[in-house]
Each structure stands twice: as structure tokens, then as C-alpha cells.
4 protein chains.
Amino acid sequence: MTTQTYHAPDFTAPLLARAPGAQFEPIPADGVLPEGFFSTSNLPTYVRVGERWVLPRRPRMDCVIVKRGDDLEVIEPRRLKKGDTIAMGLAEDGSQGIYVHSEGFLGGSHSANEFRFMSTEVSRERPVNYEELAARLNEEKAQGGYLIWVAGPALVHSRARGDFEWFIRNGYVQAVLAGNAVAVHDIEAAIFGTTLGMTNTGQPTDGGHGLHMRAINQVRALGSIEKAVKAGLIKSGIMHALVTNKVPYVLAGSIRDDGPLPEVYSNSLEAQDAMRELTVLATGAILVASALHAIAVGNMLPAYHTNYGGGPTPLMTICVDQTEFVVNKLKDRGTHQAYGVVTNAQDFMHVLRFYVERSSNA
Amino acid sequence: MTTQTYHAPDFTAPLLARAPGAQFEPIPADGVLPEGFFSTSNLPTYVRVGERWVLPRRPRMDCVIVKRGDDLEVIEPRRLKKGDTIAMGLAEDGSQGIYVHSEGFLGGSHSANEFRFMSTEVSRERPVNYEELAARLNEEKAQGGYLIWVAGPALVHSRARGDFEWFIRNGYVQAVLAGNAVAVHDIEAAIFGTTLGMTNTGQPTDGGHGLHMRAINQVRALGSIEKAVKAGLIKSGIMHALVTNKVPYVLAGSIRDDGPLPEVYSNSLEAQDAMRELTVLATGAILVASALHAIAVGNMLPAYHTNYGGGPTPLMTICVDQTEFVVNKLKDRGTHQAYGVVTNAQDFMHVLRFYVERSSNA
Amino acid sequence: MTTQTYHAPDFTAPLLARAPGAQFEPIPADGVLPEGFFSTSNLPTYVRVGERWVLPRRPRMDCVIVKRGDDLEVIEPRRLKKGDTIAMGLAEDGSQGIYVHSEGFLGGSHSANEFRFMSTEVSRERPVNYEELAARLNEEKAQGGYLIWVAGPALVHSRARGDFEWFIRNGYVQAVLAGNAVAVHDIEAAIFGTTLGMTNTGQPTDGGHGLHMRAINQVRALGSIEKAVKAGLIKSGIMHALVTNKVPYVLAGSIRDDGPLPEVYSNSLEAQDAMRELTVLATGAILVASALHAIAVGNMLPAYHTNYGGGPTPLMTICVDQTEFVVNKLKDRGTHQAYGVVTNAQDFMHVLRFYVERSSNA
Amino acid sequence: MTTQTYHAPDFTAPLLARAPGAQFEPIPADGVLPEGFFSTSNLPTYVRVGERWVLPRRPRMDCVIVKRGDDLEVIEPRRLKKGDTIAMGLAEDGSQGIYVHSEGFLGGSHSANEFRFMSTEVSRERPVNYEELAARLNEEKAQGGYLIWVAGPALVHSRARGDFEWFIRNGYVQAVLAGNAVAVHDIEAAIFGTTLGMTNTGQPTDGGHGLHMRAINQVRALGSIEKAVKAGLIKSGIMHALVTNKVPYVLAGSIRDDGPLPEVYSNSLEAQDAMRELTVLATGAILVASALHAIAVGNMLPAYHTNYGGGPTPLMTICVDQTEFVVNKLKDRGTHQAYGVVTNAQDFMHVLRFYVERSSNA
């Protein structure tokens, strides 16, 4: 919001001093342009006419520059008539007689051809390149990488539980960092088929609000999640897969916890220490649907690792959340390297699994 | 926020007058409860002890009620010691001596067992039942239904273009209602492989900001989208599929439009009239990633249809958006029947297609 | 998404059997209606014509019902010509010959006049009644109530710090429940004038990323926040106001914590126990800009209190967040009584303070 | 997500070649650091020890570097004991023997001291500098500037209507660009005291769903908004203020429109042309709570203006929305100069008015 001062271009600079006059061509039909027309942006744009550099009137983006005598006006193509004469060219650096002055307000570090759409890094409107994500996962697996997954409870509510289980059983998960709730929901699903009393088609059940308390109690009675798996109380799901595949996990406690489950670290500092022993091994991290845990783990992760030996390698960091906010907050807390995927946890896990399966079969 | 007055239960009502005393049992080990414990909510809860109905001290949810002499206290299970005595039962209607008084503040229309979690209708945390969505689509197709699809430009940016094309070519789309931008991005993708100058892996291209203007211009030069398909300028994508499969579409103009493309209705009232001729035929509607078009079409759609003959049938209305807000806004504008799917357009189309393919092969 | 079966109205019910024929009137000019026209909804709507109940063709909302001979059609007012004859009336219960059948799909608990806009409870589009919020706060203060405030770190970043301080110093805050980060940012602001290295006009500072670590270290060196206030290290802000006004607070630890500060409860269960000793005293709660802490505290709060003596009184619970999601999540975790305010923490605190000052002066 | 190759620093460069050895100091007490400690980031960080540059083990941010013999380890301060020896210094450019290698992955344009928090430009967590916004508005007014306001319907629903009226009547609004809905809601409020049937405290009214249709009809019967103001039908609000203060406005039609009101441009291209005649006059623009209109107007606005004579001046462009998404979308559609305010329309208008009043009195 600070008011910047405008710096006019230096028209004596060699490239501009030597620039040719801009080309103009008549349009072939009403509202139809010749191929190669110059398409405007909202930045100060100078057009060379004879020896002068002229700033056309009524500037705006997505228009053309029409010349009528000495007058240059920026106008919508649909308003032009056959025979109107417009500026031509694709270059914005003056080499074709038109110069877009990005540096005017923005300072010296900006170059020509700077104006563009879709420049925001994290956006629901950006395509997610699942082929590349899948390839990277398979590459890490092939290299003996160490992938840390961070998961929030939405992952369990939203039916991604089976897909996460698949990733664990198939060797894409070397450690899981989560909270009490993820394990509680997963175990409630294993025992009662619900999460917080909701079925996996989203229906409430009678007496449902107590089911997570009953699930916790049954595990506490047996003494540990591992014993509950061995006793056959927990027959499926994320915790079952972790225990049976001997994948290490840290369940960090929080003030929201019911129970908690026996393995949960209720002391946050002990939890941090246990998490850190896993994050120092990481060659990659996938953070799904958790602000608290994603940012906590992001704080522990370096932007690179040396776990493959040799020099630093970028540490692949993928953050999946329903909104741009969590990804940007993660970046704002220093994890600038995060690649953001703005989608629903359920769909992310489903589509990623599909691509990983396909890419590993290929 | 209005301060409600509390209405105590009528303990002379037959069910409550006849209620037995609550049962209590000792806990078997520190922090471990007997099966069948009573799990608390945050509503006024009366426990029958002898002839009295007692409101336990320190109420909160997800706890148990411990009895020490005459004293009843709500307490976290982890704080109990072996031998502490707690209230038992699953019923909240007094029949087991415990009565949860939902109507206290909420008025007469609320029943026992009212307290539950996950009651919000539209939420990213609710599972999406893709099997059911796919089954409904195949059912509509089998019955000769008329499915109207509404699409916003994010659908094209985010690589769902190919999946939408698939739905069109396979008979799941009887009409498309969209704006100029959807067609422009789709045609830019067909001609240049970009949308607003961004590749489908999310990279910018040189001179990219003008590409949509060049795409529009080429279609305007040929006179119509249909001619551009026939001339071979447009070889793939949504518009190609609509034209070659003779699926009707309405492109409604707006003040954001560049161009516009020849077929666009720039007059909003003419656009409404054209859209209405299609919405009266609808047996279902799928609204993806557009607030403006979803709400406009929602306004036109009845909550039911009689297009299968006979009496009213609910008109399946699915609204897909990245956030709960658009779905709730649609409901707030009267389209109360909408079923909300809170996810990314790209992933929705991909997963839905996968389930539809599987369900139609089954 | 479940397909409901339609139940036609019982036209033999007394109210409907006795209903008069609907009234029709000609329109006075093209596209202009007579006062008292019937405005349609999207629900099945039956119009009495002679002895018959007719469902008009082409139903949709926000339109009128035109009669041409025996034909009844739902149509946009702008499409009518002077002299066209339309249905009249405001009643939807049949008493004026028009019956809107809300129960058709929705089941027996729905009444006439059910169709309405803006029915979503939590929405950025709903007005916030600050007069009422302010009146409630002043009422609680006058009655000797116990208001618990829960705050997230965004409150400190976004310049609401001074307003929160004002509420503490003026007796509207009986306890604060927050995390390490709120105190760290507040103390960094007190010592260095920044939060996470950002000034309060949003600018970065040189070496800013280490400032919160330096702030924490200075407090740790002194031994406690209280000592840091007494030693003059902390001269302003939230923690200063809490210490100097002897308002109790609980800082609950989490795995995101740096430091932590000396008073932080790193053990989550001890934090829960300390928080609970305060929540049992609450007559109201204001939860601002924190998902974790709001839900944790929501879990502890009953929907009512008996702290004024006498029977249960609703426990005022206000949840402020930037998006509807956090408020709905709080409700989905059982805190159904929460009143949602969807706005920015900075602006909420500022506007609320303004209204509270005005209302307390009145 | 592309895998970057790491470029090690050039240790022969003069600044690094000449760098002194890093300083180390013992810590004065368990978990307490000496002032001036080096605070780590997550970027590759080289420490000069003798002639060597060493990359410490176990890198992460917000920690210190402890030296034990030849070993350098990154560790949390709380884990250190009195007497442990840690690296000192604030500089990250090697001048104090520690070099943070930002360019390692990021390429040549990054400098030392690059690592920081809170770098995202548009965020609800960034403070809004209302003093500066208010000063800019008063400055524009003093200079005879031309401020264009764009408003969405949420502004009217959420009780900001009176504040907007104030800005119009006090000379801060030179033109308004909006849609049919803004005027409809404003006129419904003027006639019936509701918007879409909801009172300004958020309560529904009986028969409320038809009120906006009745308001539209009454204006259509009189022939224009201006006539409805003169006839006394509209006695307050935004449209009343615009008409009585002769402030030009354009109401652009869309497919969502009911009615429409007489002055609405139903043809989008005519609307664009009318809007453009106002945008070319703009010296500033304030876009509140509308995605469609904000982006449409953003497309028309240059990033600068020459309306004060002389060279280009930046065109102040403020975009206010509930979420970051709309502001970022506006930027993604080319309006890169937009300053984003992430808040509720009601609160924004209220707080801005308060600051403008104060600043204009000062």
C-alpha cells in the first residue's frame, strides 16, 4: 500500500534507443484481429511512433492499441471496425517498438514479459501434477528413502483410511506423526465402523457420541494399541497396518484429547523429542489435513537432507489441505519449500494411490 | 445469542415418574471403565438416586459420572482410581435412570438422544459417498434422465477437462450451462495447450497472457465454435465433445468476459430464457466450481421434477465446491435440496469418473 | 442424497377441504405486478381452481403463476404482458387457495411457510449483532459473571493486542486460556515491537526470524513471565495486563512450541486439569481465532451453568473465526450452543470494544 | 516440486575466504542462552571452524548450534545444560563466520538474510493498517481524486449499508459499480427493513422470501430507481445516497438477477462499456465482497493512472474479501497491484469509517 514513485524508462539505453517503430496493421473484419496482434497488460506500455515513445490513452489489459492519426488508444477488440489499424507484435522489451515498463513501480529486479496470469503459488485453481507426485514417491521408495507422513483426523472421517492403509502396507510410509484423534477415530472405525458416531456414508448412529470413548476404553483395558492389535480387537486400518508392518509412529498429545490412548505422549516436549528422532531421518514428508501437526513437523524439517550421502538434496515437502490458508501458514512459519495441494484429504489419497499404483506397474 | 429460559423436565410425566434408579458400578482398574458406562454430553443430565433426580456437579461432555456418597461429579475417566463407582447405561431417555434434557433450552421439538457429533450437513470432514453418486448417475442414464452440468473455469484450469469430456462422450451430460470463460479456457487448451498461459502442469509460458485473446480471435474469425470445430481448429476438449455429440449448451455472458466468443449470450435475460428451456427438462443437476452459475441455475431449478411422468420426484442436485461457503450460499438462496461435496474440481471429476466407470461395468 | 419418496398432500384434511379457490388478477402493465401477488418457491405448490388442486407447469422460485384458460404456468414477471392474469395471495397454507407442500419430501416435522432464504446458521453473510454482544458482556460484568477468553496467535499478529489488553484491564476477562505462541508473540511485541519478526504494519525486519527466540530466552533467563513483568522487561500487552490485574491464565503446551515459556504446561493432561478448574466457573466463553484451543475448551464447557445459583442458565458461547469451518467444527465436536461470528480477529476485537465502550457509557 | 540441484557456496569468494572463525560461548544456565546467540533456519548453514566450513548435523529452524569437540549439532535450547558451548552471531552472510546459503536451491537472485516468517502477501494473519488506508482516502479526497467502489451483496446483508451510505454522503465515493442484487437488497431494506427476508439482526420474517420480489415490483411500477427515490418509496440507504448526491453508478446485469431493476444493464457488453467510461477516470478503487465485479473491474483498471496530470501514478487498488482466495484470484487475473484485506465486509466498512472520521477530524 505504500505509494511508490514512478521511474520512467531510460530511453537512451541501447536496446530502446535502437528500437524500431512499432508496426500497425488494419483489421480484416469487424471485431476480428490479424494474427500477431499486440495484447495489452495493465502496466505502463510505450509505443514507438517515429522518434517518440507514446503512452496510449485509456490503458487496460486484454485489449489492443488502435492508431487513429497521432492518437493511440487501448480498446476492446469487439469495438473495432474493419480497417481500424492496430499495433502488432509479441515482444514487450522494445525490440518490436513496444516496451512494457514492468520496473516502473516494481523496482529494478523485474524484467520484461513479467505480466502474467496465474502467478499465485498455492491455489485451488492450479492443476495438481499427480503423475509427478507419484513418480517422486516411487523414486523415493526405489532409493530407500524415508517418507514421513503427517495426518489429521479428517483423513479418517472422510474415508481415506483404506487408502492410507494401502500406502503403509506397500512400503511408502516409513513413519507416521499424528495425534491421539487420528488413532482414536481409526480404532473406533475398526471396532464399531464409525468415526465420532458417524458411519462411513455420513449417517449418525444411535448412541454414537459415546463410541469413541468406548473404543478408547477397550484399548486402555488391554494396555496398548499393539496389544489391542494382537488381541484381535483392532483388525484393520491405519494403526493395524502400522503395528503389523512395524512402521514407527509418534502420537503426540494435545489438550483436545479424550482418553488418551496408552501410546500417546502427553508431554509435548517428549513428543517433540520423539518426533525429532524420526524427522532427522526424513528424505521426504507428506503432510495431510492437519495444521497443528504439519506446522510442528515443518518446524523440525530442514529444507534439505543429506541422508543419501553427498551434499544437500532438497527435502520433498508436500502439504495437502482443503484451503490455501494452511499451506500458506506453513510457509509463513518458515517451511518455504512446501508444495501445496489444495484439495480434500479423501480425494487426494484416492487419486494419489491410483497414480502410484499405475506408475509402479509401469 | 438470545438468552433462552430454561424449562426443567416434568418429572411427573409417566416415563420419568416410573423410571428406575440409575445403576452404578466400580471401575476395574485405574482409568479403565466397565463396559456399558454412561458417557456424558454437555446438556443438562438428571440422574435418579432414590426418589430424587440429581444434576451432577461440574458437567461436561465425554466424561463419566462418579458417585461418592451422595455426591455426583462429572469427571474424566483417566482421573479415576480402581474401585471408584460410576453411572452405567446407554439410554438418555430416563428408562435406565438417567435423563438428558435436550428440550431444556431448545424447545419442544427436540428428543432424547439428540446430542451428537458431526451434525453439520456440509463439511469437508464428511465422507463423500462416490459409490452412491456413481450409482445415481448410472440410474439416471438408464432411465433416460436429463442431467444438466454447470461448470466454472477452475474445472478447466485444474486438468479436469479430460474427465468432463469423458462424461460428455459417454452420455452422462444432456446439457451444459457455463460462461464464456469455460469455453475460452477449453479452446485455449485445445489450440495452445495452456489456460491463461499456464501449462497443464502449472508452468507459465512466454507471452502466455495473450494466448486466450488469440484463441478467442481465431474463433471469432471463423464465426462460431461449431465452425471452429469443423474447421479443425478445435480438435479436443469440452466444446469439441459438446459440438460433436450434439449436446446443447448455453454460454451466458458476464462483465468479466473477454471477446466474447460468438455463441455467448451477452444479454443476461436472453441467457436466462435459454437456460430455462433446459432446466425445465432436468431430472438432475451437477454444479461444479461456479458460484455465479450454480446459484443462477439453482434459482431456476425446482426441488422436484415430474419429467418421468407421475408425481413429483426429488431433483438430484449436487453442488461441488472447494469450500462449504458456496454450497451453503446456494442453500441460503433457496436451493435447500443441494447435496454438498466439498473438494477440488479436478479430483472430484477424476474420482467420480473412476466410480462411474466401475459401476457401469459392474 | 438418499432418494426420498414423495407424499402427496391429504386434500381431505379440513383446512384443505374447506379452502377457497385461488384468486387471480390481471397485471397493470408489462412486467409489473399487482400488489399482493403470490411469489413462488421451489417446493411443490398446489393451486385450487374450482374443485381441483393443480400443480402449475415449469415450477421455480421467485416467479408468479400465470393462468391462461386452464393452464397454470410459473413464469418470470418480466415476461408478462399487461392483462396477463396471475395468482394472488401471501398465505402458503391453503387458506387463500394455494398450498405449498413442504412436507412432501421433508417429512412430517415441516410446516407451511418453511421456504426461506438465509437459513444457514453460521455465515459471513449474516449480520453480527454487536449491540447485543456488547450488552451481554456488560450484563455479565454487572452480574459478577466469569468470562473465559480463548485466544489464538492471529489475535496478536493482527494488531488486536491492544484491544484485548483493554478488555482485560476493564474487567471483562476473568480467565484466559491460550497456548505458548500467544504469550510468545505478545512478549516479542512488548520487547521488540514485532511478532515473528513482522512489524505491526506488516513489514519484515532484519534478523526478524530470531526475535521470538530471543524474547523467549530473556523470559527464561528471568525465570517466569511474572518476574519478567516485575523486572520491567515486559511493559505492555496481554501478559502484562493479566499479571498486573491478577487474572488467571493457563498456557497449554503443544508440539509447535518454541521455548517454551516457563509457565507453559507442557503436559497436556496437566494443562487440561488446570483449564478445567477455570471452565467450571464459567458463565460465558469467547473463543477467538483458535481451532485447537476453542475445541478443547468447547469440550470442557457444559451448554449451561448453575454458577448464578438456581437452575441451569445457558452458557453464552461465542466463537469468532475467519471462516465458517472452525465454528462448524466446534459445533460438530458437540458445542452446539456456539454463536458464530465469521470475521477477522483484529476487526472483531476492535468493533466489539467500540460497542462495549459505548454500551457501558450509556 | 521439480527437483533442484544443489549448488554449494563458492568459498573462494572474497567475503567467505576472508571470513573469521565463528564465535562460541558457554550457556549461563540450563536451557538459557547468552544474548547474541545464533538462531538457526532450515536452510543450509555453514559454520567456519578453523579453515573449514562445516554443515552442522541435524539441521532445523529455531534452534542453536552446539559445539562438542569437533562436532556441531543443531539442537533445541531447552535441551542444553549450563556450560554447553553454542555458536554466536546475528549475521548470516559469513561476516561472523556463519553463512546461510539461500542460493543453494533457489538460484542466484536470493541474498543472505532471506529466511523469514510471515512472507505471504495476502493473509488473515497480517495486520491491516487502517490508519494508512484512511489517510490514503482522505488524501485522494483532498486531491480531487476519483474513487470507484465495487460492492457485493454481502455488504448489504451484513449491516455495512449505513457505513457505505456515510462514505457516499461524505464525498469518498465518485462512482459505484455493482450488480442488480446490491440495489435490490438495499431497496428491500429501505422499504421492508429486511434483506432476502432476514432482518438486520439476522432473524427470518414471515413471508420473507417474497419481499425482494415485492421491492423490485414497486420500483418497476414507478419506472426507475430515481423516480422511486423522488416518490419517497426509497427513503434511505445506498441507492438513495447515490441518487441524492448525484454519484454515478452502473448496475451490471447477470444471470442471477431477479427483476431486474429498471436501471440495470442486462447486456454485459453495454455494462462493460458503461463501466469503462468510469474506470478510465479512476485514481483509486475499493473492491468489497464481490468476486465477479472485483475481477471484472480489475480487468479494466490499469495498474497506474495519469489522471492527476504528469507521469504515471500507481492506482490504489484495495480488495476486501472474507478469504485470501478472492484477492489472490484477482491477482491471478492480472491485477497484481491489489492490496488485500482479508476480513468481513461489515467490519471492514465499520472500522474504515471510524478511522476515516478520526483522520479527517485530525
Side-chain angles (χ1 to χ4, degrees), chain A residues 1-4 6 8 41-44 55 57-62 74 76 78-79 104-105 109 115-120 122-125 129 132-133 136 269 272-273 276 279-280 299-304 306 311-314 316 318 323-325 328-329 331-337 339, chain D residues 1-4 6 8 41-44 55 57-62 74 76 78-79 104-105 109 115-120 122-125 129 132-133 136 269 272-273 276 279-280 299-304 306 311-314 316 318 323-325 328-329 331-337 339:
Chain A
M1 266 292 297
T2 49
T3 308
Q4 303 127 308
Y6 183 70
S41 72
N42 60 3
L43 295 170
L55 210 50
R57 287 191 303 120
R58 295 168 63 99
R60 59 158 291 183
M61 69 177 82
D62 292 333
V74 177
E76 294 83 355
R78 63 176 166 79
R79 302 182 73 177
F105 303 118
S109 65
F115 181 79
R116 62 180 178 96
F117 299 117
M118 303 303 293
S119 57
T120 299
V122 180
S123 165
R124 63 193 72 172
E125 293 192 313
N129 195 341
E132 191 189 338
L133 290 179
R136 289 286 290 116
L269 305 178
Q272 284 183 340
D273 293 348
R276 182 93 193 279
T279 58
V280 294
N299 285 175
M300 291 180 189
L301 287 174
Y304 66 97
T306 51
T313 306
M316 174 182 78
I318 299 165
T323 61
E324 291 84 356
F325 177 64
N328 283 324
K329 185 162 180 171
K331 287 172 173 280
D332 272 351
R333 295 309 184 272
T335 308
H336 45 81
Q337 79 271 18
Y339 172 82
Chain D
M1 266 293 297
T2 48
T3 308
Q4 303 129 306
Y6 183 70
S41 73
N42 60 4
L43 294 170
L55 210 51
R57 287 190 303 121
R58 296 169 62 100
R60 60 157 291 183
M61 69 177 81
D62 292 333
V74 177
E76 293 83 356
R78 65 177 165 80
R79 303 183 72 178
F105 304 118
S109 65
F115 181 80
R116 63 180 178 98
F117 299 116
M118 303 302 292
S119 57
T120 299
V122 180
S123 166
R124 64 195 70 171
E125 292 192 314
N129 194 341
E132 192 189 337
L133 290 180
R136 289 286 290 116
L269 305 179
Q272 285 183 340
D273 293 347
R276 183 93 192 281
T279 58
V280 293
N299 285 175
M300 290 180 191
L301 288 174
Y304 68 98
T306 52
T313 305
M316 173 182 78
I318 300 164
T323 61
E324 291 83 358
F325 177 64
N328 283 325
K329 185 164 180 171
K331 287 171 174 279
D332 273 350
R333 296 309 184 270
T335 308
H336 45 82
Q337 79 270 19
Y339 173 81

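Reminder, nothing fancy here: chain letters follow the sequence lines and each chain counts from 1. Remember, predicted model here, so these are calculated numbers, not experimental data. Note: hydrogens, waters and symmetry copies are ignored here, and every other heavy atom, side chains too, is used.
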Walk me through it: do A/R79 and D/Q272 pass the test side-chain hydrogen bond (donor to acceptor under 3.5 Å, both in side chains)? CA-CA 11 Å; A/R79 302 182 73 177; D/Q272 285 183 340; over 6 Å; no
For residues A/M61 and D/G334, report the shortest heavy-atom separation together with the two atoms involved.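 For A/M61 and D/G334, the tightest heavy-atom pair comes out as CE-C, 3.8 Å.
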Can you tell which part of A/T279 gets under 4.5 Å to a heavy atom of chain D, answering side chain, backbone, both or neither?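 For A/T279, there is no contact with chain D at all, as no heavy atom is under 4.5 Å.
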Out of A/R276, A/Q337, A/K331, A/E324, return the one with the most heavy atom pairs under 4.5 angstrom to chain D.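 Maximum pair count with chain D is reached by A/R276.
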Below 4.5 Å from any heavy atom of chain A, which atoms of D/L269 appear? Answer side chain, backbone, both or neither.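 For D/L269, heavy atoms of backbone and side chain both lie under 4.5 Å from chain A.
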Where on D/R57 is there a heavy atom nearer than 4.5 Å to chain A: the side chain, the backbone, both, or neither?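 Neither part, no heavy atoms under 4.5 Å.
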Quick check against the 3.5 Å criterion: does A/R60 have a side-chain atom that pairs as donor or acceptor with the backbone of A/E76?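 Not confirmed, A/R60 side chain does not pair with A/E76 backbone.
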What's the verdict on side-chain contact (heavy atoms from CB on, under 4.5 Å) for A/F115 and D/H336, showing C-alpha distance, side-chain angles and the deciding distance? CA-CA 9 Å; A/F115 181 79; D/H336 45 82; 3.9 Å; yes
Quick one: which of [options] has the most heavy-atom pairs under 4.5 Å with chain A, could you say?
options: D/S119, D/S41, D/A8; value: D/S119
options: D/N129, D/N299, D/V122, D/L55; value: D/N299
options: D/V74, D/T323, D/D62, D/T306; value: D/V74

Less than 4.0 Å between a side-chain N and a carboxylate O, is that true for A/E125 and D/R333?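 Looking at D/R333 and A/E125, the cut-off is met.
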Applying side-chain contact (heavy atoms from CB on, under 4.5 Å), name anything that partners A/T120, two or more places apart in sequence or on another chain.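 For A/T120 the side-chain contact (heavy atoms from CB on, under 4.5 Å) partners, ignoring immediate neighbours, are D/N328, D/D332.
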